[in-house]
Participant: 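Input: one structure, supplied below.
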Protein chains: 2
Amino acid sequence: MARPTLISLAKELGVSRQTVSNVINAPHLVKTSTRERVREHIERSGYRPSAAARALRTNRTKIVGMRMSPVLDGINGSVMDRYLHAATEALEERGYHPVLVTASGEQEELAALTGLYETGLVDAAMLAYTSPLDSRPAELRRIGMPFVAFGRPWGELDAPHPWVDIDNAIGVEEGTRLLRERGHTRIGFIGSSDFSMIDRDRREGWLRGMKGVDENLAELDMCVPEGIEHGFRAMRILRDRGATAAACGTDSLALGALSVLYESPVEGFHPAESIVGFDDSPVAAALGFSSVIQPVEEVAPLLVSQLISELEDDVEPCDRRVVLPSVLRARVGPGLPVRLRS
Amino acid sequence: MARPTLISLAKELGVSRQTVSNVINAPHLVKTSTRERVREHIERSGYRPSAAARALRTNRTKIVGMRMSPVLDGINGSVMDRYLHAATEALEERGYHPVLVTASGEQEELAALTGLYETGLVDAAMLAYTSPLDSRPAELRRIGMPFVAFGRPWGELDAPHPWVDIDNAIGVEEGTRLLRERGHTRIGFIGSSDFSMIDRDRREGWLRGMKGVDENLAELDMCVPEGIEHGFRAMRILRDRGATAAACGTDSLALGALSVLYESPVEGFHPAESIVGFDDSPVAAALGFSSVIQPVEEVAPLLVSQLISELEDDVEPCDRRVVLPSVLRARVGPGLPVRLRS
DNA sequence: GAATTTACCTTGAACCTTCACATTCCGGTA
DNA sequence: TACCGGAATGTGAAGGTTCAAGGTAAATTC
């Protein structure tokens, strides 16, 4: 048997199709007795409104486009995974769904998202990984496609679109202070040149954490490409400059750095307790070093709220610019030590 | 100005809307000169067919549902990420798009997917993580929802739906042989109890690789929960039983096991060269141990081909049951040694 | 008792495309 | 001239929903 439609239901019930529609979309317009009768019949028939017909009429699909970014690094990579999961969940909670898109760059992403928007397949987009020269917000604004962004608009902080970002600095600052509390004074920073703005933010946290320490910070500040080996090399240099600890921009870098400390331990300090990483990967947990957590599970629902208040009328408004703090996951040893073979 | 439609375009061009439609969907029906004229106008006007209207008429959205599984473990987790990315890409190539769904269990996943199907939002589903007591295939079949599965239907290997799976055994077998070539004879296996069927498959590879070795395999065979610490504990037991090497069911387990070998090195064997992991995570690369790779980038396009031949007529048929080999990524030291602090 | 309001329900149109069929046009053949 | 067949193009309908405007009967007001 064919799937029931508004019309077939209405005929069976002896009411008009609009009444059935009202029972679903505007129940207060229908007398209670009728409403219940219709409801029950809908239930029994297993009727589900046709998404296509609804979309055609309302010009809304309740689908939003998101770019699935390629896997960068399996160590820190799970953050984006967590975010994607949280976003999907938050969207579902509000009756929306994410459609995924791949792209090899910003322009390709833009093309993919606007393409979906122009065919009416999606209502909006959720961006991530904002950067200073990000052309996406302006372009989307130009064509009138609604969107929100995970990450502040570095180029123009007063951009009109809603966004949620994480204050990377605060967690690193916390981490740096922890290292100081543990007795370190020459604490280096190993940042990743691959994430320009985010890295600057994290470095800022280290600088704040080092406030009042009488050291030459410039020579303790490293900027290297992402990767375990680079962390290793950077920490060797820092070690030679007398550093006994380091805050790192990623857990990969931290892993490399940690191995240097196991290679040439510093009297009185446990290696795992002399390193702070970022993104709290399972590796950090296993090796027992502290790491900074990004609360992406909180970011996603906020973004979705913002998005929906862009899309729908009469929803309670929400903050259009939110910065959430990162937090330190402090660990005390023991853990799994690492040392690079010489 | 309003978005152009078939009708508005047709009016401007002085042809019927069907002709414009034909230019898009069945160009061979339209005379070349007309076709070009229409094409050019379409181009200029920026016309994009309405997905909703098309879906309403054809009863197809070219969207497929997929479950976004929660992040299990950041070390091996990137495999599912890679798969998701590859699947998205493969779908896009054929004009399809993935919609994500979250679920806390199989039943919830089923409810989510069939829900989408019943409203006509998706045409089909792509399943992953099949298991012996998997109720999903039967249920989807019952309601007539098309789908394909990443993972063989363990319960009924001759199930009628198409699937692609990876032969986990072969890579582990290869790894085990590598360890033998390097001179090991007492080679343990540390499997993860969290992935029942997959684990059995990987263990099978180890058994095959050990063929002809005169050892008591039962006492070399460990089954523990997933996680670095469990790998560590298992390897300690294996070491005490005289094992000098191990093939592991996951890289997390391998990491833990490796650390035991650094803790108590075996004369003549390099620790990193005595461990084989699974899923070739960045950790394996950094620490320099060999690991088995799942070719998910090949799985995804195959699945998509299968799916499309389920959905569309007149597409060249393709194999409905495919098993791809996993392959060993063999590494020789040096790498980053690990040792668990005692 | 007539006029007005209210509550509830129905009708017609629109959304934009594609399907199935109808029509026109053309050169070629009987 | 009449007819035919095939290619190119046009027409009507359908698909399921929502919006806007209408209708009907009961309840209220004067």
Side-chain angles (χ1 to χ4, degrees), chain A residues 1-39 41-42 45-63 95 117-121 123 312-314, chain B residues 1-39 41-42 45-63 95 117-121 123 312-314:
Chain A
M1 60 231 151
R3 270 184 38 192
T5 70
L6 278 189
I7 295 185
S8 75
L9 289 183
K11 207 172 289 174
E12 285 157 28
L13 283 161
V15 299
S16 78
R17 67 174 190 273
Q18 183 63 43
T19 300
V20 185
S21 169
N22 282 338
V23 168
I24 295 167
N25 299 310
H28 61 280
L29 292 178
V30 183
K31 187 162 59 169
T32 314
S33 61
T34 322
R35 187 165 59 215
E36 284 318 311
R37 199 164 62 91
V38 174
R39 275 237 173 92
H41 193 71
I42 287 179
S45 70
Y47 166 80
R48 310 295 314 273
S50 150
R54 178 173 282 176
L56 180 61
R57 185 65 184 126
T58 61
N59 247 320
R60 307 233 109 105
T61 55
K62 299 213 168 194
I63 300 180
Y117 182 64
E118 283 164 0
T119 61
L121 211 158
D123 294 343
E312 299 178 4
D313 308 328
D314 51 87
Chain B
M1 62 231 152
R3 270 185 38 192
T5 71
L6 278 189
I7 295 185
S8 74
L9 288 183
K11 207 171 291 175
E12 286 157 27
L13 283 160
V15 299
S16 80
R17 64 174 192 277
Q18 184 63 41
T19 301
V20 184
S21 169
N22 282 339
V23 169
I24 295 166
N25 300 308
H28 61 279
L29 292 178
V30 183
K31 190 164 55 172
T32 314
S33 59
T34 323
R35 187 163 59 215
E36 285 317 311
R37 199 164 61 90
V38 173
R39 276 236 172 92
H41 193 71
I42 287 178
S45 70
Y47 167 80
R48 310 296 315 271
S50 149
R54 179 174 279 175
L56 179 61
R57 185 65 183 129
T58 61
N59 246 321
R60 306 234 113 105
T61 55
K62 300 214 168 189
I63 300 181
Y117 182 65
E118 283 163 359
T119 61
L121 211 157
D123 295 343
E312 299 177 6
D313 308 328
D314 52 86

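Chain identifiers are assigned alphabetically (A, B, ...) following the order of the sequence lines, protein sequences preceding nucleic acid strands; residue numbering begins at 1 within each chain.
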Participant: Please give the angle, rounded to 10 degrees, between the axes at the start and the end of the helix from C/dG1-D/dC30 to C/dA30-D/dT1, where five pairs define each axis.
Facilitator: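 Overall, the helix from C/dG1-D/dC30 to C/dA30-D/dT1 bends by 70° from one end axis to the other.
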Participant: Considering only heavy atoms from C-beta outward, does the side chain of A/Val15 approach that of A/Arg37 to under 4.5 Å?
Facilitator: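 In short, these two side chains touch, coming nearer than 4.5 Å.
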Participant: If you measure from CG on A/Leu13 to CD1 on A/Ile42, what distance do you get to the nearest 0.5 Å?
Facilitator: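 Separation between the atoms: 8.0 Å.
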Participant: Counting distance only, does the side-chain N/O of A/Arg17 pair as donor-acceptor with the main-chain N or O of A/Thr5 below 3.5 Å?
Facilitator: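 Between the backbone of A/Thr5 and the side chain of A/Arg17 there is no qualifying donor-acceptor contact (under 3.5 Å).
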Participant: Can you tell me how far CG of B/Leu121 sits from CZ of A/Arg48, rounded to the nearest 0.5 angstrom?
Facilitator: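 Between atom CZ of A/Arg48 and atom CG of B/Leu121 there are 10.0 Å.
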Participant: How many angstroms lie between atom OH of B/Tyr47 and atom OG1 of A/Thr119, to the nearest 0.5 angstrom?
Facilitator: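 Reported to 0.5 Å precision, the distance equals 10.5 Å.
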Participant: Atom CZ of B/Arg54 to atom P of D/dG16: distance rounded to whole Å?
Facilitator: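 These atoms are roughly 19 Å apart.
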Participant: Using heavy atoms and a sub-4.0 Å distance, could you list which residues of residues 55-62 of chain B are near DNA chain C? By number, please.
Facilitator: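 Going residue by residue through residues 55-62 of chain B, the ones with a heavy atom under 4.0 Å of DNA chain C turn out to be B/Arg57, B/Thr58.
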Participant: Which of residues 28-39 of chain A have a heavy atom under 4.0 Å from DNA chain D?
Facilitator: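 Under 4.0 Å from DNA chain D: no residue of residues 28-39 of chain A.
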Participant: Using a heavy-atom cut-off of 4.0 Å to chain A, what are the terminal contacting nucleotides of DNA chain C, in 5' to 3' order?
Facilitator: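 For DNA chain C, the relevant span reads C/dC8 to C/dC16.
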Participant: Roughly how far, to the nearest 0.5 Å, is the CD atom of B/Glu312 from the CG atom of B/Asp123?
Facilitator: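 That separation rounds to 9.0 Å.
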Participant: Can you sort out which residues in residues 9-23 of chain A have a heavy atom within less than 4.0 Å of DNA chain C? Ascending by number, please.
Facilitator: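 Within this stretch, A/Gly14, A/Val15, A/Ser16, A/Arg17, A/Gln18, A/Thr19 sit under 4.0 Å of the strand.
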Participant: Can you check whether A/Pro4's main-chain N or O pairs, donor with acceptor, with A/Ser8's side chain at less than 3.5 Å?
Facilitator: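 A pair under 3.5 Å: no.
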Participant: Just list the side-chain donor-acceptor pairs under 3.5 Å for residues 24-34 of chain B, sequence neighbours left out, or say none.
Facilitator:
residue: B/Asn25; atom: OD1; partner: B/Arg54; partner atom: NH2; Å: 3.4
residue: B/Asn25; atom: ND2; partner: B/Ser21; partner atom: O; Å: 3.4
residue: B/Asn25; atom: ND2; partner: B/Ser21; partner atom: OG; Å: 3.4

Participant: Can you tell me the distance, in whole Å, between the CD1 atom of A/Ile24 and the C1' atom of D/dT18?
Facilitator: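 The distance from CD1 of A/Ile24 to C1' of D/dT18 comes to 11 Å, rounded to the nearest Å.
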Participant: Rounded at 0.5 Å granularity, tell me how far OG in B/Ser50 sits from CG in A/Leu56.
Facilitator: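 Reported to 0.5 Å precision, the distance equals 5.5 Å.
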Participant: To the nearest 0.5 angstrom, please state how far the OH atom of A/Tyr117 sits from the OG1 atom of A/Thr61.
Facilitator: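 One finds 10.0 Å between OH of A/Tyr117 and OG1 of A/Thr61.
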Participant: Considering non-hydrogen atoms only, spot the tightest contact between B/Ala10 and B/Ser16 and give its length.
Facilitator: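 Here B/Ala10 and B/Ser16 meet closest at CB-C, 3.6 Å.
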